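Report on the structure given below.
Fair warning: this is a prediction, and the values are worked out from it, not measured in the lab. Remember, it's 1-based here, ligands and their atoms both numbered in the order they're listed. The figures here come from the full heavy-atom set of this structure, side chains too, leaving out hydrogens, waters and symmetry mates.
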Amino acid sequence: MACPVFLFPAIRGGVSWRAVRSSWWRNAVFYQVYVRSFADSNDDGVGDLPGITSRLDYLRSLGVDGLWLTPFYPSPQKDHGYDVADYYGVNPEYGTLDDFGSLVEEAHRRGIKVLIDIVPNHTSSRHPWFEAALAGGDDQHRARYHFARGRDGAPPNNWQSAFGGPAWTQLEGAPEWYMHLFAPEQPDLNWWNPVVPAEFRKIITYWLDRGADGFRIDVAVSLHKRRDLADRPLVPHRITGLPTTAPGFEIIDQPEVHDVYRDWRHILGTYEPERVLVGEIFDAGRQSRYIKQDELHMAFAMMDRRWDASAWKRAIDVYRRAVSRSTSLPSWTQSNHDVIRHVTRLGGSGLGRERAKASALLLLGLPGQYFIYQGEELGLEEAFVPPERREDPLYIHTNGRHPGRDGCRVPMPWRQNEPNAGFSTSPPWLPTPAAWDRNAVDAQARSSTSVLSLYRRVLEMRCGLARRLPARMDWAAAPKDCLIYHRGPLSVACNFGHRPLELDQPADNGFAVAIRPGEESPMRLVEEDE
Ligand code: NOJ
């Protein structure tokens, strides 16, 4: 069941009570659906939109308020959808525009919002604009990307691609190169050319008209590149002494990016109910510049610190401060399709899972939104994907130096004792680890001690408490290796240590994580005692 959230965060900057009260997204729980791996309706081994629709009741019973769908547009899948060939369609592997319509309609019927991913930094090299730019050197289309002449056979500057190697590829038999901050199949758009912002205005309007409740914006701060395309200065590396690019020399994050979001926010403002923008921005300093009343609503407070109480406290405070001058709250998250699953990061196996349960409780009690990455509610670990089955461009373009991100993208296990843990009768696009059978949704749903049952209970409680929880939280004195905070009637304690702890603190009348000696888990959920 989706929970209506009526919290009243501090109001500044002339936002009316009414506007804040009706903000469905504040304190909402979102669920990131990695479309290719969520649910496969036609048993071809690849997830699809009708598959998601068929699992909406599962998502409702989990208690989420909104979904974020990763890109489902037509794409050659060189970066699994983040290489878009047509911003107005649905990849046939994933379904049709009608399937998108049904998904939105069915989600809305269950009170679940649907955010879609928008990829404005780059297109696919198979996008008609880029194909026209290459065919016969069409200047008008070339001006929509970054083409530049090389320097004596070398790229136009020393910028690097996030996937390894230069951020430039030379055209065959020509002196020009084109820029791509990611894979060569993802040429960067030139946001200085007014045709580009105009096109994206059309694209977002198109999807808003089809019922999208907002957008997760891919590499949100990168749109405009440094205009002079100057080399990044090189400095000696701190340890090796080898030349390395200097930090603090911005090639992205130009002031004009803010104009784009002001413009988009204005467009969103013409729709009812409220639509939202979530930027793929993890840096707290940047978040404070982009999360504003007239720009983005949210960005990701990514909790990827080592398992240490003071490191987590610091990170929580840094992200809280980042939004303190806005009317927004942090959007806590621990995993997504680009990072190693947090059960594994936190130590793996039983220990990692217990810590992941504790960290979820710690974060779910905080003021703000929470983004679940699919499978997190099952306690899934990073899967081993045999090298010959890996598809991630990060693995491919670094020649295997980076293991890639396939391990966190392996399809969902739905049913025990079925081929591929019930995801598909055909071999899934990434293989299901044999041990995942025991993680399957149906098995976990039957067990009251499973991670899934814990998530369901906590989200239900959170929903029940929503009206009574203030936007403010206060840290309380806590023993070493422990964090305790109060938020109105709610008290949360989390034990980061190895030994059980006895707390003097009463659990108040909220739900709390109590830490008792002799428990197998470092945390326990205490239900309301009224
Ligand atoms: C961020 C996305 O989350 C990631 O999966 C993708 O590879 C890059 N942006 C490039 O679009």
Side-chain angles (χ1 to χ4, degrees), residues 30-38 47 67-87 91 115-127 130 145-146 159-165 167 169 178-189 191 200 203 215-223 225 251-253 257 277-283 286 290 296 298-302 304 331 333-341 371-376 382 385 390-398 402-410 429-430:
F30 291 92
Y31 186 96
Q32 181 192 349
V33 175
Y34 192 74
V35 174
R36 206 170 173 76
S37 296
F38 186 65
L67 309 181
W68 148 27
L69 308 182
T70 53
F72 50 74
Y73 312 101
S75 158
Q77 303 292 327
K78 295 292 178 192
D79 187 16
H80 292 124
Y82 288 96
D83 47 327
V84 180
D86 170 10
Y87 288 84
N91 187 2
L115 311 188
I116 67 170
D117 218 311
I118 186 144
V119 189
N121 179 66
H122 45 264
T123 67
S124 157
S125 53
R126 305 293 301 276
H127 188 281
F130 195 72
Y145 295 89
H146 295 279
W159 299 1
Q160 295 287 300
S161 148
F163 292 155
T169 290
Y178 68 88
M179 184 200 296
H180 50 87
L181 293 187
F182 294 91
E185 297 88 356
Q186 293 167 297
D188 277 54
L189 284 162
W191 275 80
F200 274 87
I203 294 168
F215 302 93
R216 176 269 189 187
I217 307 164
D218 193 53
V219 279
V221 304
S222 301
L223 312 189
K225 309 297 175 310
I251 62 172
I252 52 167
D253 198 2
V257 182
L277 297 174
V278 189
E280 194 209 2
I281 305 175
F282 302 107
D283 178 78
R286 283 187 171 143
Y290 283 86
L296 306 184
M298 297 173 255
F300 300 99
M302 173 55 92
D304 54 4
S331 300
T333 185
Q334 303 195 75
S335 280
N336 64 31
H337 64 292
D338 290 332
V339 299
I340 295 176
R341 282 190 177 273
F371 278 77
I372 297 173
Y373 175 49
Q374 73 178 40
E376 159 180 345
E382 188 80 356
V385 178
R390 293 187 196 163
E391 297 202 4
D392 185 8
L394 185 53
Y395 175 75
I396 295 166
H397 291 291
T398 58
H402 192 294
R405 301 163 294 179
D406 295 303
C408 64
R409 300 174 174 181
V410 168
W429 71 283
L430 288 175

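- Side-chain N/O atoms of Thr70 and Asp117 include no donor and acceptor closer than 3.5 Å.
- Arg36 meets the salt bridge (charged side-chain N to carboxylate O under 4.0 Å, His left out) test with Glu93; sequence neighbours excluded.
- More than 12 heavy atoms of other shown residues, nucleotides or ligands fall within 6.0 angstrom of atom CZ in Arg390.
- For the side-chain contact (heavy atoms from CB on, under 4.5 Å) test with Tyr290, the passing option among Leu277, Ile217, Val221 is Val221; the others fail.
- In this structure Ser37 satisfies the side-chain contact (heavy atoms from CB on, under 4.5 Å) test together with Tyr34, Gln374, Pro411, Trp429, sequence neighbours excluded.
- Between the CG atom in Leu115 and the CZ atom in Arg216 there is a gap of 11.0 Å [rounded to 0.5 Å].
- Proximity of Arg216 to ligand 1, defined as any heavy-atom pair under 4.0 Å, is confined to the side chain (atoms from C-beta onward).
- Short contacts between ligand 1 and Arg405, defined as distances under 4.0 Å to a heavy atom of the residue, involve ligand atoms 4 (C), 5 (O), 6 (C), 7 (O).
- Every atom of ligand 1 with a heavy atom of Asp338 under 4.0 Å away is listed here by number and element: 1 (C), 2 (C), 3 (O), 4 (C), 5 (O).
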Report task. Please lay out, stage by stage, how Asp86 and Arg126 fare under the test salt bridge (charged side-chain N to carboxylate O under 4.0 Å, His left out). Result -> CA-CA 9 Å; Asp86 170 10; Arg126 305 293 301 276; over 6 Å; no
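- Only side-chain heavy atoms of His337 come within less than 4.0 Å of ligand 1; its backbone N, CA, C and O stay farther off.
- In summary, the atoms of ligand 1 found under 4.0 Å from a heavy atom of Phe163, numbered by their order in the structure, are 7 (O).
- For atom 11 (O) of ligand 1, the choice among Val339, Leu181, Asp218 with the nearest heavy atom turns out to be Asp218.
- Near His122, meaning under 4.0 Å from one of its heavy atoms, ligand 1 places the atoms 10 (C), 11 (O).
- In terms of protein heavy-atom proximity, atom 6 (C) of ligand 1 is nearest to Asp79 OD2, 3.2 Å.
- The part of Arg409 lying near ligand 1 is the side chain, judged by heavy-atom distances below 4.0 Å.
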